[in-house]
Amino acid sequence: MIHKRISPMLLYCTMMLSIGISNHVLLIPILLHVAKRDAWVGGLLASIPLLLWGMLLLMMLKKLRGRNLMEWIEIRYGKFLWLIISGLMACEFSLMALISFRDLVTWSQVTYLPRTPRIIVALTFIGICFLAAQKGIRAIALSAGLLLPAVIVFGDFVAAANFQVKDYSLLLPVFTHGYGPTIAAMLYTMSSLFEIMFILFIQHHVSKPIKPLALFLLSFILVVLTIGPLTGAIAIFGPFEAAMMRYPAFEQWRMVTLGKFISHLDFFSIYQWISGAFIRTSLMLYLTLDIIGLASKRAKTYTLIVICALFLGFIMIPESDSNFLKRLEYFYFPISFGLILFVGLLLFALVMLAKGTEDHKS
């Protein structure tokens with residue numbers, strides 16, 4: 001129904017927080033690890049395939065004309081293909097929610113809640129995400145619209161406050177170890193930026209068509225959200241010291257001071273981290289339910305309870321953070337990128353090869 005839809009602006013706010021937190025927290029440590037000084041070049045080069053990806057996305061959006069993608073596929077191509085795509089993407093959305101949830105709990109314990117039991121932190125956070133996902137996309141998007149302005153202000157503040165301690169000459173020279181590290185960084189960055197494709201699964205909840213200029217502006221902002229803290233970490237700590245840090249973006253907050261007498265302003269980062277993780281986890285939980293097409297509200301609630309309970313059980317399994325980071329680098333990002341690329345190209349073929357643009361009703 002129209003009154004339950006969200007505006008395009010709220011959609012962009014949601015995507016900025018969801019993908020932005022992934023780039024800040026999950027992606028940057030891996031980029032620095034695999035490419036060191038060349039990480040920022042790889043991140044910048046990723047904007048080229050992102051531009052092409054955005055063009056494919058626009059072509060699909062134009063042909064879908066606001067219709068529910070999964071319902072359209074089921075009507076056009078049958079239940080079997082619908083099951084394959086919905087199953088793959090439901091697994092992808094669930095995994096993304098779990099990764100964000102796990103990382104937020106770990107970061108909270110490492111930084112500002114070291115004596116709080118892990119289960120308490122996890123229960124509190126997953127409970128809030130459960131409520132948001134249960135309420136639906138409008139609640140998540142409105143929350144993003146309220147949270148994002150302060151996140152942007154704090155981000156600009158930490159970048160400006162640390163300018164005095166940055167040495168951008170540390171960004172050069174590049175390609176000292178060949179082009180391999182740069183290409184690796186570009187591919188890892190693409191794995192995160194290509195999540196912009198998820199707009200396909202949300203566009204039927206948007207009240208107005210998505211404009212090409214707005215989509216390209218969103219893509220540009222997402223690239224900046226990656227390059228900014230990445231170059232900042234290298235300029236402050238150097239490429240090799242930054243590569244050894246678990247949370248380079250957070251370490252930049254620890255450098256912030258106001259004059260001689262005010263320091264320890266890193267508590268502002270808590271707002272940024274929780275805001276982004278909350279929106280990302282809630283959105284992925286919601287998309288998991290939405291894509292499998294559960295009709296009953298009770299069925300959605302019970303399914304969401306089961307998923308959240310599994311998440312809680314998973315993060316209580318003892319695992320070192322170094323092993324978790326290795327899993328992200330060697331499994332999560334490569335598999336996620338491959339899946340998003342495969343499903344995205346498959347959807348493009350299905351949408352563009354469909355004859356006619358008339359609406360179909362089940």
Side-chain angles (χ1 to χ4, degrees), residues 16-17 19-44 100 103-116 147-174 181 185 188-189 192 221-278 321-322 324-325 328-329:
M16 284 175 61
L17 277 174
I19 302 177
I21 190 66
S22 175
N23 292 355
H24 269 66
V25 180
L26 300 176
L27 182 63
I28 288 179
I30 293 173
L31 293 180
L32 289 168
H33 180 256
V34 300
K36 304 297 190 295
R37 195 192 312 274
D38 295 340
W40 70 273
V41 182
L44 188 61
S100 299
D103 193 74
L104 188 278
V105 172
T106 300
W107 177 78
S108 297
Q109 288 201 296
V110 168
T111 55
Y112 65 97
L113 293 174
R115 297 186 180 181
T116 303
L147 295 170
L148 182 61
V151 171
I152 294 175
V153 169
F154 292 151
D156 291 339
F157 168 71
V158 67
N162 281 333
F163 189 78
Q164 58 184 343
V165 296
K166 292 179 181 178
D167 180 6
Y168 283 103
S169 67
L170 294 173
L171 298 178
L172 300 172
V174 296
Y188 275 110
T189 306
S192 181
I221 292 172
L222 292 175
V223 172
V224 172
L225 287 176
T226 306
I227 300 299
L230 185 58
T231 55
I234 297 173
I236 294 175
F237 306 109
F240 302 103
E241 184 70 24
M244 293 187 287
M245 294 177 176
R246 178 62 180 89
Y247 299 105
F250 176 69
E251 297 301 331
Q252 294 178 57
W253 269 105
R254 290 185 168 178
M255 300 293 293
V256 176
T257 60
L258 291 178
K260 296 181 179 179
F261 306 106
I262 301 177
S263 60
H264 296 291
L265 297 171
D266 49 301
F267 63 87
F268 286 123
S269 67
I270 298 174
Y271 176 89
Q272 288 183 306
W273 250 256
I274 293 180
S275 296
F278 160 65
D321 196 49
S322 60
F324 173 71
L325 200 59
L328 292 181
E329 180 178 343

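Values reported hereafter were calculated over all heavy atoms of this structure, with side chains retained and with hydrogens, waters and symmetry mates removed. Since the structure is predicted, the reported quantities are computational estimates derived from the model, not experimental observations.
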Correct closest heavy-atom pair for Ser192 and Ser22 would be OG-OG, 3.7 Å

Heavy-atom closest contact (Pro181 atom, Asp38 atom, distance): CB-OD2, 4.5 Å

Can you find a pair of side-chain heavy atoms, one from Ile21 and one from Ser100, that are under 4.5 Å apart? no

Return the minimal non-hydrogen interatomic distance between Val151 and Ser275, and the atom names on each side. CG2-CB, 3.9 Å

Under the criterion side chain to side chain contact (heavy atoms under 4.5 Å, CB included), I'd like the reasoning laid out for Tyr188 against Glu329: C-alpha separation, chi angles, the key distance, then a yes or no. CA-CA 9 Å; Tyr188 275 110; Glu329 180 178 343; 3.3 Å; yes

Can you confirm whether Phe267 sits close enough to Leu265 that some side-chain heavy atom of one is under 4.5 Å from a side-chain heavy atom of the other? yes

Residue set satisfying salt bridge (Lys or Arg N to Asp or Glu O under 4.0 Å) with Arg254, at least two apart, ordered chain then number -> Glu251

Smallest separation among heavy atoms of Gln272 and Gly155, with atom names: NE2-N, 3.2 Å

What is the minimum heavy-atom distance between Ala242 and Leu32, and which atoms define it? O-CD1, 3.7 Å

Taking atom CZ of Phe163 as the centre, report whether more than 12 heavy atoms of other residues, nucleotides or ligands fall under 6.0 Å from it. no

Please give me the minimum heavy-atom distance between Val25 and Arg246, naming the atom from each residue. O-NH1, 4.1 Å

Is the distance from the ring center of Trp107 to that of Tyr112 below 6.0 Å? yes

Is the ring pair Trp253/Phe268 parallel, tilted or perpendicular, if the boundaries are 30 and 60 degrees? tilted

Donor-acceptor pairs are to be reported for all side-chain atoms of residues 223-238 against protein atoms at under 3.5 Å, with residues two or more places apart or in another chain.
residue, atom, partner, partner atom, Å
Thr226, OG1, Asn23, ND2, 2.7
Thr226, OG1, Leu222, O, 3.1
Thr231, OG1, Ile227, O, 2.9
Thr231, OG1, Gly228, O, 3.0

